[in-house]
Amino acid sequence: MNRQPLRLAIIEAVSVLEEAGVPSPRADAELLAAHLLGIERTRLGLVPLVDVAMVEAYRAMIAQRAKRIPLQYITGTSAMGEIDLAVGPGVFVPRPETELLLGWALAFLASYPRRSPVVLDLCTGSGALALAIAHARPDAVVHAVELEPKALAWARRNAEHRASQGDTPIVLHQGDVTDRDLLTELEGGVDVIVANPPYIPEGAELEPEVIDHDPYSALFGGPDGLSVIKPMVSNVARWLRIGGAVAVEHDDTNGAQTADLFAQRRVFGEVAEHPDLAGRPRFVVALRVPTDVEAQRTRATRPVADETGTDE
């Protein structure tokens, strides 16, 4: 069988992607080759020759990428934490920067005193954060909310797959995260909330992979990018247990505004902004703290010291 050098096929692919304006032509060319061969990208150098059929299939995939179809749509998968998720038309493709939010959530849970913590993922999309947390913390009870039916179908598909692989099943809900009547049964009972809501300001210039393929409703959050986050904060306040925490991803232009939305409410404390690896504002975290009334109620319900004690 006639075989051809893989290295030459990749060089040709890089040239095609460069001409098409793809932001990371070499990385994408190598990732697509690795996907087609079913190997790690780092092992491409161990495959000197490939057959003609593989080269033809590879060129077809490169042609798709040159049309600025997202890499993840071509491979059908996207990673989050230690798991891979199925993605495609109708669902937002998880971004690498969201890994930082996942890392924060897992670190917070590692230091959290409650066993079997309750976690809530808002605007879950493909189920990325919810499923990555459930995989890393099998003791957690994880709920996830998504409004759009197409995205919810992808989340359900991923949830069923992860459960079949032995992960703790998550609970999926269809709903609007700004709805005051959503998940009333979870009020005061959630330990950690994570959210990657629509937050891009309308009119922002985006790459074709984003604007032409990610669902509009998963991208844009009104003129300032905060039309979902603003009303969502009130729901976060009622869902969180005192001592619990929330992390919300946001556009790099409105980190301070997002932080203010939490800082202005008495039920939140220790509000902090977190940058991404490029130093841009990326997500805000806040702790649910007791109000004066809640603190008084807690003190009033504490056990009274016995007669031999020194407490007054």
Pairs of donor and acceptor atoms involving the side chains of residues 102-111, under 3.5 Å and at least two apart or interchain, shall be tabulated with distances.
residue: Ser111; atom: OG; partner: Phe108; partner atom: O; Å: 3.0

Notebook entry, point to check: Does Ile83 belong to the same Ile/Leu/Val/Met/Phe/Trp/Tyr cluster as Leu101, with side-chain heavy atoms less than 4.5 Å apart forming each link?
Noted result: yes
Note to self: By the side-chain hydrogen bond (donor to acceptor under 3.5 Å, both in side chains) test, which pairs, at least two apart or in different chains, include something from residues 78-92?
What the structure shows: Glu82-His135
Margin query: Can you tell me how the ring of Tyr73 sits relative to the ring of His213, calling it parallel under 30°, perpendicular over 60° and tilted otherwise?
Written below: perpendicular
Notebook entry, point to check: When rounded to the nearest 0.5 angstrom, what distance separates CZ in Arg162 from CG in Asp167?
Noted result: 4.5 Å
Next item on the list: Name all residues meeting the salt bridge (Lys or Arg N to Asp or Glu O under 4.0 Å) criterion together with Glu99; count only those two or more places apart in sequence or in a different chain, and write none if there are none.
Entry: none
Item checked: Verify same cluster id: Leu240, Val142 (apolar side-chain graph, 4.5 Å) -> no
Next item on the list: Scan side-chain atoms only and decide if Thr77 and Gln72 contain a donor-acceptor pair under the 3.5 Å cut-off.
Entry: no
Item checked: Summary of side-chain hydrogen bond (donor to acceptor under 3.5 Å, both in side chains) pairs that have at least one residue in residues 12-22, sequence neighbours excluded -> Glu12-Arg59
Check: Heavy-atom count around Glu270 CD within 6.0 Å, excluding the residue itself: above 12?
Finding: no
Next item on the list: Verify the cluster assignment for Leu17 and Leu71: are they in a single hydrophobic cluster under the rule of side-chain heavy atoms below 4.5 Å apart?
Entry: yes
Next item on the list: Considering non-hydrogen atoms only, spot the tightest contact between Thr168 and Ala140 and give its length.
Entry: CG2-O, 4.0 Å
Check: In terms of hydrophobic clusters joined by side-chain contacts under 4.5 Å, are Ile193 and Val141 together?
Finding: yes
Check: What's the spacing between Arg26 CZ and Ile10 CD1 if we round to 0.5 Å?
Finding: 7.5 Å
Checklist line | Reference residue Ile229; test side chain to side chain contact (heavy atoms under 4.5 Å, CB included); the match among Val177, Val236, Thr178, Thr258 | finding: Thr258
Checklist line | Counterpart residues, salt bridge (Lys or Arg N to Asp or Glu O under 4.0 Å), relative to Asp181 (two or more places apart) | finding: none
Item checked: Glu209 side chain reached by Pro70 side chain, heavy atoms, under 4.5 Å -> yes
Checklist line | Sub-4.5 Å side-chain heavy-atom contact between Val284 and His274 | finding: no
Notebook entry, point to check: Looking at residues at least two apart in the chain, or sitting in another chain, which of them share a salt bridge (Lys or Arg N to Asp or Glu O under 4.0 Å) with Asp176?
Noted result: none
Check: For Glu97 and Glu249, what are the C-alpha separation, side-chain angles and deciding distance, and is it a side chain to side chain contact (heavy atoms under 4.5 Å, CB included)?
Finding: CA-CA 9 Å; Glu97 52 264 31; Glu249 189 168 325; 3.9 Å; yes
Notebook entry, point to check: If you round to the nearest 0.5 Å, how far is CG of Asp212 from NZ of Lys67?
Noted result: 13.0 Å
Item checked: Residue of the set Leu31, Val22, Val16, Thr75 for which side chain to side chain contact (heavy atoms under 4.5 Å, CB included) holds with Arg65 -> Val22
Margin query: For Met80 and Leu131: C-alpha separation, side-chain torsions, deciding distance, then whether side chain to side chain contact (heavy atoms under 4.5 Å, CB included) applies.
Written below: CA-CA 9 Å; Met80 179 59 61; Leu131 292 168; over 6 Å; no
Checklist line | Distance (rounded to the nearest 0.5 Å) between Leu32 CG and Ile62 CD1 | finding: 4.5 Å
Notebook entry, point to check: What's the spacing between Gln64 CD and Ile69 CD1 if we round to 0.5 Å?
Noted result: 5.0 Å
Do any side-chain atoms of residues 34-41 form donor-acceptor pairs under 3.5 angstrom with protein atoms, and if so which ones, sequence neighbours left out?
residue: Arg41; atom: NE; partner: Glu30; partner atom: OE1; Å: 2.8
residue: Arg41; atom: NH2; partner: Glu30; partner atom: OE1; Å: 3.0

Next item on the list: With the side chain counted from C-beta on, respond yes when Val246 and Val192 share a heavy-atom pair under 4.5 Å apart, and no when they do not.
Entry: no
Notebook entry, point to check: Is there a side-chain contact between Val210 and Arg95, using heavy atoms and a 4.5 Å cut-off?
Noted result: yes
Notebook entry, point to check: Taking Asn235 for the side chain and Asp179 for the main chain, is one N or O donor matched with an acceptor at less than 3.5 Å?
Noted result: yes
Next item on the list: Compare every heavy atom of Gly21 with every heavy atom of Arg68, then report the nearest pair and how far apart it is.
Entry: NH1-O, 3.3 Å
Check: If two hydrophobic side chains count as joined below 4.5 Å and joins carry through other members, does Ile200 share a cluster with Tyr216?
Finding: yes
Checklist line | Pairs flagged by side-chain hydrogen bond (donor to acceptor under 3.5 Å, both in side chains) wherever residues 148-160 is involved - sequence neighbours left out | finding: Glu148-Ser217
Next item on the list: Could you tell me whether the side chain of Leu206 reaches within less than 4.5 Å of the side chain of Phe220, counting heavy atoms only?
Entry: yes
Check: Hey, are the side chains of Leu6 and Leu44 touching, using non-hydrogen atoms and a 4.5 Å cut-off?
Finding: yes
Item checked: Closest contact, heavy atoms only, Tyr58 versus Ala33 -> CE1-N, 3.5 Å
Check: Any chance CG of Leu8 has more than 12 other-residue heavy atoms, nucleotides or ligands included, within less than 6.0 Å?
Finding: yes
Next item on the list: Taking salt bridge (Lys or Arg N to Asp or Glu O under 4.0 Å) as the test, write out the residues that go with Glu294, two or more places apart.
Entry: Arg288
Next item on the list: Using the salt bridge (Lys or Arg N to Asp or Glu O under 4.0 Å) rule, collect all pairs that involve residues 227-242, keeping only residues at least two apart or in two chains.
Entry: Glu187-Arg238, Asp191-Arg241, Asp224-Lys230
Margin query: Ignoring hydrogens, what is the shortest heavy-atom contact between Ala237 and Val267? Give both atom names and the distance.
Written below: CB-CG2, 3.7 Å
Item checked: Partners meeting ring-ring contact (aromatic ring centres under 6.0 Å, His included) with Tyr199 (sequence neighbours left out) -> none
Checklist line | CD1-CD distance between Ile211 and Glu207, expressed to the nearest 0.5 angstrom | finding: 11.0 Å
Note to self: Below 30° counts as parallel, above 60° as perpendicular, anything between as tilted: where do the rings of Phe262 and Phe268 land?
What the structure shows: perpendicular
Margin query: Could you check whether atom CD of Glu185 has more than 12 heavy atoms from other residues, nucleotides or ligands sitting under 6.0 Å from it?
Written below: yes
Item checked: Minimum side-chain heavy-atom gap Arg265-Ser234 below 4.5 Å -> yes
Next item on the list: Of all the heavy-atom pairs spanning Ala278 and Asp276, show the shortest one and how long it is.
Entry: N-OD1, 2.9 Å
Enumerate, atom names and distances included, each donor-acceptor pair closer than 3.5 Å involving a side-chain atom of residues 115-129, sequence neighbours excluded.
residue: Asp121; atom: OD2; partner: Thr124; partner atom: OG1; Å: 2.6
residue: Asp121; atom: OD2; partner: Ala130; partner atom: N; Å: 3.2

Next item on the list: Could you please spell out the steps behind the salt bridge (Lys or Arg N to Asp or Glu O under 4.0 Å) verdict for Asp251 and Arg282?
Entry: CA-CA 7 Å; Asp251 190 70; Arg282 183 51 57 197; 5.7 Å; no
Checklist line | Test item: Met54 and Gln4 side chains (from C-beta on) under 4.5 Å apart, heavy atoms | finding: no
Check: Can you tell which of Val233, Val271, Asn254 makes a side chain to side chain contact (heavy atoms under 4.5 Å, CB included) with Leu261?
Finding: Val233
Margin query: Minimum heavy-atom separation for Ala159 and Ile170, please, with both atom names.
Written below: CB-CG1, 4.1 Å
